[in-house]
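None of the values given here were measured: they were computed from a predicted structure.
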Amino acid sequence: MTEVAFARTFLSSLDSRPVKLSPDHVEDPKNFPARPPYILPRMPHAMSKPTSLAPGQERSITVTLKSLRNPPLDIKLTSQPLATSFLDMKSAVSSQTRIPVDKMKILHNKRPLTDSKILKDIVGDSDKAVELAVMVIGGASAIPPEQPAATAPAEATGTAAVETDAFWADLKGYLMQRLKDQAAAEELSRLFKSSWESSKSAP
């Protein structure tokens with residue numbers, strides 16, 4: 001019976017208290033459970049200080065392109081702006097090695113890079129150089145054979161020039177331009193040509 005009396009007394013004391021907290025109710029902070037402080041995790045890389053560049057001046061880096069396979073390559077491109085695309089780098093390598101641009105792939109950390117990406121996408125704020133790998137699809141066989149330079153025929157001079165049809169065509173064109181009369185130009189051209197041929201045939 002003692003427990004029943006205690007329960008009745010406790011419930012009656014609860015009934016006398018308000019169900020809702022009063023507007024001026026303040027909880028004692030000392031009653032809050034202790035919690036450990038929340039600390040942000042450390043950044044993997046320290047933040048670099050912003051570099052102040054003159055207007056129109058952009059940071060440039062040195063790019064080294066290497067290939068240990070056939071054909072072996074070791075090309076260094078200096079002073080490359082950060083906005084340089086990898087398609088531009090392929091064109092620079094192609095101009096030095098004659099390797100077609102569509103037969104090349106540029107890799108960074110063994111991952112191929114698309115032509116639309118630029119150097120700023122892969123370098124850090126403090127990097128001054130970067131090394132990339134070049135993969136040639138098809139190897140050395142992808143390089144077209146070097147074409148021999150076509151030699152222009154020597155232009156005829158002196159008497160040999162007079163004996164060509166181009167000389168008389170040029171002469172007739174000059175006479176037409178000078179005389180403003182096509183008939184007179186053709187007549188003089190025939191006269192000059194016949195006089196030249198007769199002088200050659202004369203003993």
Cluster question for you: counting only ILVMFWY and a side-chain heavy-atom cut-off of under 4.5 Å, with indirect links fine, are I118 and I61 together?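 Result: no, two separate clusters.
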
What's the separation between atom [atom1] in [X] and atom [atom2] in [Y], rounded to the nearest 0.5 Å?
X    : Y    : atom1 : atom2 : result
K172 : R190 : NZ    : CZ    : 8.5 Å
H108 : F86  : NE2   : CZ    : 8.0 Å
D181 : E187 : CG    : CD    : 11.0 Å
D170 : Y174 : CG    : OH    : 12.5 Å

By salt bridge (Lys or Arg N to Asp or Glu O under 4.0 Å) - contacts of K90 (at least two apart):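 Once residues adjacent in sequence are excluded, the partners of K90 under the salt bridge (Lys or Arg N to Asp or Glu O under 4.0 Å) criterion are D115.
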
Using links of under 4.5 Å between side-chain heavy atoms of ILVMFWY residues, direct or through other members, which residues join I39 in one cluster?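 Other cluster members: none.
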
Starting from L107, walk the hydrophobic network (Ile, Leu, Val, Met, Phe, Trp, Tyr; side-chain heavy atoms closer than 4.5 Å) and list everyone else you reach, by chain and number.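 The other cluster members (ILVMFWY side chains, heavy atoms under 4.5 Å, direct or chained) are M135.
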
Contacts of [X] that satisfy side-chain contact (heavy atoms from CB on, under 4.5 Å) - sequence neighbours left out:
X   : answer
S91 : V101
D74 : T64, K66
T97 : L73, I75, V93, I99
N31 : E27, D28

What I'd like to find out is whether the side chain of Q80 reaches to under 4.5 Å of the side chain of L119, using heavy atoms alone.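 Of all side-chain heavy-atom pairs linking L119 with Q80, at least one is under 4.5 Å.
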
Going by the salt bridge (charged side-chain N to carboxylate O under 4.0 Å, His left out) test, which pairs reach into residues 127-136, not counting sequence neighbours?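 Sorted result for residues 127-136: empty, none.
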
Please name the pair of heavy atoms, one in P81 and one in S60, separated by the smallest distance, quoted to 0.1 Å.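 For P81 versus S60, the nearest heavy atoms are N-CB, 4.2 Å.
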
Candidate list I122, D121, L87, test side-chain contact (heavy atoms from CB on, under 4.5 Å), partner L113, passing option: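 Result for side-chain contact (heavy atoms from CB on, under 4.5 Å) with L113: I122.
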
Only one of L65, V123, T62 passes side-chain contact (heavy atoms from CB on, under 4.5 Å) with V130; say which it is.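 For V130, the side-chain contact (heavy atoms from CB on, under 4.5 Å) test succeeds with only one of L65, V123, T62, which is V123.
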
Apply side chain to side chain donor-acceptor pair (under 3.5 Å) to D88 and list each qualifying residue two or more places apart in sequence or on a separate chain.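 Only S85 meet the side chain to side chain donor-acceptor pair (under 3.5 Å) criterion with D88.
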
Side chain to side chain donor-acceptor pair (under 3.5 Å) partners of Q182, counting only residues at least two apart: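 Scan of Q182 (side chain to side chain donor-acceptor pair (under 3.5 Å), adjacent residues dropped) gives E186.
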
Test V63 against K76 for side chain to side chain contact (heavy atoms under 4.5 Å, CB included), laying out the working first. CA-CA 6 Å; V63 180; K76 182 177 290 186; over 6 Å; no

Can you tell me if T9 uses its side chain to pair, donor with acceptor, with the backbone of A5 under 3.5 Å?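 Judged by distance alone, yes, a pair lies under 3.5 Å.
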
Set out, in order, the CA-CA distance, both residues' side-chain angles and the distance that settles side chain to side chain contact (heavy atoms under 4.5 Å, CB included) for V134 and K105, then state yes or no. CA-CA 6 Å; V134 180; K105 283 189 177 181; over 6 Å; no

